[in-house]
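One structure is given here, and the rest of the page talks about it.
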Amino acid sequence: MLGKKNNDKSKLSINNSLRSVYESSKSNLQLPRYEMPQQSMRADIAYNLIKDELFLDGNSRLNLATFVQTYMEPEASQLMADCFDKNMIDKDEYPQTAEIELRCVNIIAKLWNAHNHEEAVGTSTIGSSEASMLGGLALKWRWRKKMEAQGQSTSKPNMVMGANVQICWKKFVKYWDIEPRYVPCEGDRFILDPEIAVQLVDENTIGVVAIMGSTFDGSYEPVERLCQALDDYQEKTGNDIPVHVDGASGGFVAPFLQPDIVWDFRLPRVQSINASGHKYGLVYPGVGWVVWRDKSALPEDLVFHVSYLGGDMLDFSMNFSRPGSQVLAQYFNFLRLGFEGYTETQKNSQDVALYLSKQISEIGPFELISDGSDIPVFCWRMKEQTNYSLFDFADHLRTRGWLVPAYPMPKNRHDLIVQRIVVKKGLTLDMADILVEDMKRAIDHFATQPNNVPKTSESHFAHL
């Protein structure tokens, strides 16, 4: 009897473990959405309930709105999974992860032509926004120290930048009480103009921000021309204005595709550079980088000292606990791809961008504003009035899964609506051809709807 009873228990256990998720009564429960359920459930049921909801999200590989990387190799994903439990801030507990972060900083510093990259001053961050803010804070601290040494007021700092800056810079000036001075867009110029920027600087300017890869049209701002204009300004006034380069996207593109463009630490006026590892650094979301040209560019007041391996490691991140897995994935890419592999990958993306932009310019009432010649990003506008707007066009492409944003250009050109595509690793020429065919179908669809009233606004996309 005992043996039979044990066998029955064994059968019951086996049946439970083989039972389908959807055969469980808990899979049909109406779960509370905004409070914790009272009872536990099986891990596979919880997993599938959440996974089923996520089917309603867009397909990340078809998201041509985001700059954020949506594809990594399986080995990189496995490495990240192996390290999900590592906290980047715990340098004592995870000294080798800290060492790998330092290696990445040195690799990036060399990529950006720092003079002494093996003693580079920089850090990983949770993203390029944090990296930008750290660069901005260093500019403010240096300016404040200079003004105090001269016995002058430090109550009215300002920062000069183009109207096309990413939202993180608008947050920075608001959070740290800095007056923003924007170089407006004019006509068909949607990026910073160096001569106008110099007209906005004065003794209270903590620095000028230049963008390598504008999110609006993918264009590089003329950093070398800006530095020359500021050199001329210093010669006339004696006022030394530093430059921070926001290389969120271009920082991992220009060194490989346009090495002859002088925008980085080859220019003495450039004090710091940030970039997104999770954009064209080719890592999944959650990592950015900031590097200063040398120790003098980063005020000691912003640095915290952490003991690790019996030595002293500098820490100047804004966040505290954050994952180490993305940093290790960045190092994986550096090892896996090398300079040659990064060049090939970014070139492939640019080839797709140039191909797509040419195709789109030829299939409808569209006119290119940029074609992907800088970073692999391009945008276009309507060249003639039709019975549909770019907002309508974006909505129709969504029916096939494509996320292609339409949005207004910055202040002074809010009247101009554009549509943009960001080409990243994972968007192949084959997928590009499918997109073009879907665009042609969309154009044909609107041709059959002569009474369609063009939309004048969009609710789906927020420009980031």
For residues 77-89, which side-chain N or O atoms pair as donor and acceptor with protein atoms under 3.5 Å away, sequence neighbours left out?
unit_1: Gln78; atom_1: NE2; unit_2: Asp82; atom_2: OD1; d: 2.8
unit_1: Asn87; atom_1: OD1; unit_2: Ile89; atom_2: N; d: 3.2
unit_1: Asn87; atom_1: OD1; unit_2: Arg322; atom_2: N; d: 3.1
unit_1: Asn87; atom_1: ND2; unit_2: Ser321; atom_2: OG; d: 2.9

Would you be so kind as to tabulate the donor-acceptor pairs closer than 3.5 Å made by side chains of residues 254-263, with sequence neighbours excluded?
unit_1: Gln258; atom_1: OE1; unit_2: Tyr220; atom_2: OH; d: 2.8
unit_1: Gln258; atom_1: NE2; unit_2: Ser373; atom_2: O; d: 3.2
unit_1: Gln258; atom_1: NE2; unit_2: Asp374; atom_2: O; d: 2.9

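Listed by chain and residue number, Asn387, Tyr388, Asp392, Phe446, Gln449 satisfy the side-chain contact (heavy atoms from CB on, under 4.5 Å) test with Asn452 (two or more places apart in sequence, or in another chain). With sequence neighbours left out, the side chain to side chain donor-acceptor pair (under 3.5 Å) criterion links Arg381 to Asp188, Glu367. Annotation: side-chain contact (heavy atoms from CB on, under 4.5 Å) contacts of Thr66 (sequence neighbours excluded): Asn63, Val68, Thr70, Lys424. Considering only residues two or more places apart in sequence or on other chains, Gln199 meets the side chain to side chain donor-acceptor pair (under 3.5 Å) condition with none of them. Annotation: side chain to side chain donor-acceptor pair (under 3.5 Å) contacts of Tyr355 (sequence neighbours excluded): Asp433. For Glu73, the side chain to side chain donor-acceptor pair (under 3.5 Å) partners at least two apart in sequence or on another chain are Arg336. Judged as a side-chain contact (heavy atoms from CB on, under 4.5 Å), and not counting sequence neighbours, the contacts of Ala353 are Pro376, Phe378, Val423.
The 12-atom threshold is exceeded at CD of Glu362, counting heavy atoms of other residues, nucleotides or ligands nearer than 6.0 Å.
Sorted by first then second residue, the salt bridge (Lys or Arg N to Asp or Glu O under 4.0 Å) pairs that include residues 166-184, not counting sequence neighbours, are Glu179-Arg181, Arg181-Asp202. Within the structure, salt bridge (Lys or Arg N to Asp or Glu O under 4.0 Å) pairs that include any residue of residues 402-412 do not occur (at least two apart or interchain). A salt bridge (Lys or Arg N to Asp or Glu O under 4.0 Å) check over residues 217-230, counting only residues at least two apart or in different chains, returns the pairs Glu195-Arg225.
Considering CG of Leu226 and CG of Asp231, their distance stands at 9.5 Å, rounded to 0.5 Å.
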